[in-house]
There are 2 protein chains.
Amino acid sequence: MKPIAIGELSRRAAVKVPTIRFYEERGLLPTPERTEGNRRTYGEADVRTLRFIRHARELGFEIEDIRALLDLAGHPERPCGEADAIARKHLADIDDRIARLTGLRQEMKAMVEQCSGGDVRECRIIEVLADHGECLSDRH
Amino acid sequence: MKPIAIGELSRRAAVKVPTIRFYEERGLLPTPERTEGNRRTYGEADVRTLRFIRHARELGFEIEDIRALLDLAGHPERPCGEADAIARKHLADIDDRIARLTGLRQEMKAMVEQCSGGDVRECRIIEVLADHGECLSDRH
DNA sequence: CTTGCTCCTCTAGTCGCTGGAGGAAGTAGG
DNA sequence: CCTACTTCCTCCAGCGACTAGAGGAGCAAG
């Protein structure tokens with residue numbers, strides 16, 4: 001297994017180099033070994049971990065949650081109730097966000113469709129934004 | 001029309017007091033008049049403007065976009081193509097976010113359901129997050 | 001050996017707030 | 001009129017999660 005440089009890790013995990021260093025500083029990634037010339041070297045495990053982190057971030061997990069999950073992953077003998085709790089919390093969260101965004105989409109769509117292409121005077125976009133009472137949805 | 005204090009404005013527009021001052025500093029709210037004792041005083045127009053801002057923020061508009069919209073609103077003689085463009089950009093954005101979140105929801109749901117309640121050893125949550133290839137969706 | 005890329009550390013900036021310190025002004029009750 | 005309480009003022013620091021830049025060193029290919 002040949003060592004992986006930070007740039008390659010960056011490409012393979014689709015995470016920018018400074019962000020990798022940031023994750024290391026925040027304790028999400030283990031302190032990597034260094035070459036003689038003081039460069040970080042990684043292995044395949046780090047690629048997986050970093051993908052895990054990126055993926056979790058895309059799912060909206062906060063750094064703290066991710067650290068908790070990684071801690072858990074590092075201790076396979078512990079029951080996974082905690083990981084489950086974190087994930088469930090996020091499921092609820094995601095449902096909420098989808099509902100909100102769907103409502104907002106309705107409004108935004110209506111706004112765009114009602115725009116007559118004329119002056120701002122008769123532009124519904126600004127009107128609708130100005131008066132919350134005109135919203136199509138009350139989900140927010 | 002009696003003057004409105006910042007606290008009342010805050011309650012009526014559902015925007016925190018420091019956030020109001022922040023918006024003022026960022027040029028989203030006009031510099032308000034002051035009382036003899038140096039307190040900001042607002043009017044009904046400010047309530048509407050602030051609601052406009054809050055609403056736009058909830059829709060995910062950035063401060064810069066909001067400033068552009070407000071500028072437009074202040075010049076009713078200009079054509080509203082720009083407002084339309086901003087709103088359209090956001091509609092596309094929202095659609096994208098909904099699609100992504102829906103995919104993520106699937107995954108998250110599968111994760112939670114597959115959690116056996118046993119050890120981390122057989123916990124799907126960590127596995128699924130660790131390996132992007134197991135995703136149910138390719139939308140992200 | 002030189003060119004050009006990657007990497008190092010460190011610091012500062014981004015966005016959109018949020019909170020606190022320390023003090024002045026306004027208000028309601030006695 | 002005095003006191004107590006609330007609201008407001010300014011200024012400054014901090015949050016999360018990066019992102020960007022300066023200034024310098026290491027390394028691989030031609």
Side-chain angles (χ1 to χ4, degrees), chain A residues 2-29 31-43 46 49-70 86 89-90 93 97 100 140, chain B residues 2-29 31-43 46 49-70 86 90 93 97 140:
Chain A
K2 55 178 177 289
I4 299 167
I6 199 168
E8 201 193 328
L9 178 64
S10 166
R11 280 186 296 278
R12 288 185 52 193
V15 172
K16 289 178 185 166
V17 169
T19 307
I20 294 171
R21 295 197 272 249
F22 168 77
Y23 286 157
E24 179 187 331
E25 192 210 297
R26 290 310 186 87
L28 293 192
L29 283 175
T31 313
E33 303 209 346
R34 303 280 184 134
T35 64
E36 295 224 332
N38 196 34
R39 282 150 184 246
R40 291 167 176 84
T41 50
Y42 299 94
D46 295 305
T49 304
L50 191 51
R51 283 188 183 151
F52 174 113
I53 295 169
R54 195 206 61 200
H55 197 190
R57 285 290 304 130
E58 283 173 354
L59 281 158
F61 286 91
E62 286 164 23
I63 297 269
E64 269 316 297
D65 286 344
I66 296 170
R67 206 202 328 266
L69 286 171
L70 284 169
I86 295 170
K89 195 188 101 214
H90 263 80
D93 232 63
R97 276 198 261 168
R100 281 171 59 90
H140 63 282
Chain B
K2 56 177 177 287
I4 298 168
I6 199 167
E8 201 193 329
L9 177 64
S10 165
R11 279 185 296 278
R12 288 186 51 190
V15 173
K16 288 179 185 167
V17 169
T19 306
I20 294 171
R21 294 197 273 249
F22 169 77
Y23 287 156
E24 179 188 331
E25 191 210 297
R26 291 309 187 89
L28 294 191
L29 284 175
T31 314
E33 305 209 343
R34 303 278 185 137
T35 63
E36 296 224 330
N38 197 34
R39 285 154 180 240
R40 291 167 177 85
T41 49
Y42 299 93
D46 296 306
T49 305
L50 192 50
R51 282 186 184 153
F52 174 113
I53 296 169
R54 195 205 61 202
H55 197 189
R57 285 289 305 131
E58 284 173 353
L59 280 158
F61 286 91
E62 286 165 22
I63 298 268
E64 269 315 297
D65 287 342
I66 297 170
R67 205 200 332 263
L69 286 172
L70 284 169
I86 295 170
H90 262 80
D93 232 65
R97 275 197 263 168
H140 65 280

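Just so it is clear: chains get the letters A, B, ... in the order the sequence lines come, proteins before strands, and each one is counted from 1.
Checking C/dC17, C/dT9, D/dC9 against the side-chain heavy atoms of B/Arg40 singles out D/dC9 as nearest. Which of D/dC9, C/dG16, D/dA17 sits closest to the side chain of B/Arg34 comes down to D/dC9. Ranking C/dC8, D/dC18, C/dG19 by closeness to the A/Phe22 side chain, first place goes to D/dC18. Looking at the side chain of A/Glu62, the nearest of the listed nucleotides D/dT19, D/dA17, C/dG16 is D/dA17. With C/dC17, D/dC18, C/dG26 as the candidates, the nucleotide lying closest to the side chain of B/Tyr23 is C/dC17.
A/Asp65 has its CG atom 9 Å from the P atom of D/dA17, to the nearest Å. If you take NZ of B/Lys16 and P of D/dC15, they are 17 Å apart, rounded to a whole angstrom. One interatomic measurement links the two molecules: CD of B/Glu24 to C1' of D/dC9, which rounds to 12 Å at whole-angstrom precision. Distance A/Glu8 CD to C/dC5 P: 18 Å, rounded to the nearest Å. A/Leu29 places its CG atom 14 Å from the C1' atom of D/dC18, with the value rounded to the nearest Å. The CD-P distance, from B/Glu25 to C/dC17, rounds to 12 Å in whole Å. The distance from atom CD1 of B/Ile6 to atom P of C/dT18 is 14 Å, rounded to the nearest whole Å. Distance, B/Glu64 CD to C/dT14 C1': 13 Å, rounded to whole Å.
Listed for the B/Arg12 side chain is no donor-acceptor partner under 3.5 Å among the backbone atoms of B/Arg51. B/Thr41 places no side-chain N or O within 3.5 Å of a backbone atom of B/Thr35 that could act as its donor or acceptor partner. A donor-acceptor contact shorter than 3.5 Å links the side chain of B/Arg54 to the backbone of B/Ala13. Under a 3.5 Å cut-off, the side chain of A/Arg21 and the backbone N or O of A/Ile6 do not form any donor-acceptor pair.
Among the atoms of the strands shown, base atoms are found under 4.0 Å from some heavy atom of A/Arg21. Within 4.0 Å of A/Glu36, counting heavy atoms only, lies no atom of the nucleic acid at all.
Remark: A/Arg57 is not in phosphate contact with D/dG16, judged by side-chain N or O atoms under 4.0 Å from OP1 or OP2.
Toward the 5′ end of DNA chain D lies the nearest nucleotide of A/Thr19, the other residue of the pair A/Gly37 and A/Thr19 mapping further downstream.
Residues A/Leu28 and A/Ile66 are in side-chain contact: their nearest non-hydrogen atoms beyond the backbone lie under 4.5 Å apart.
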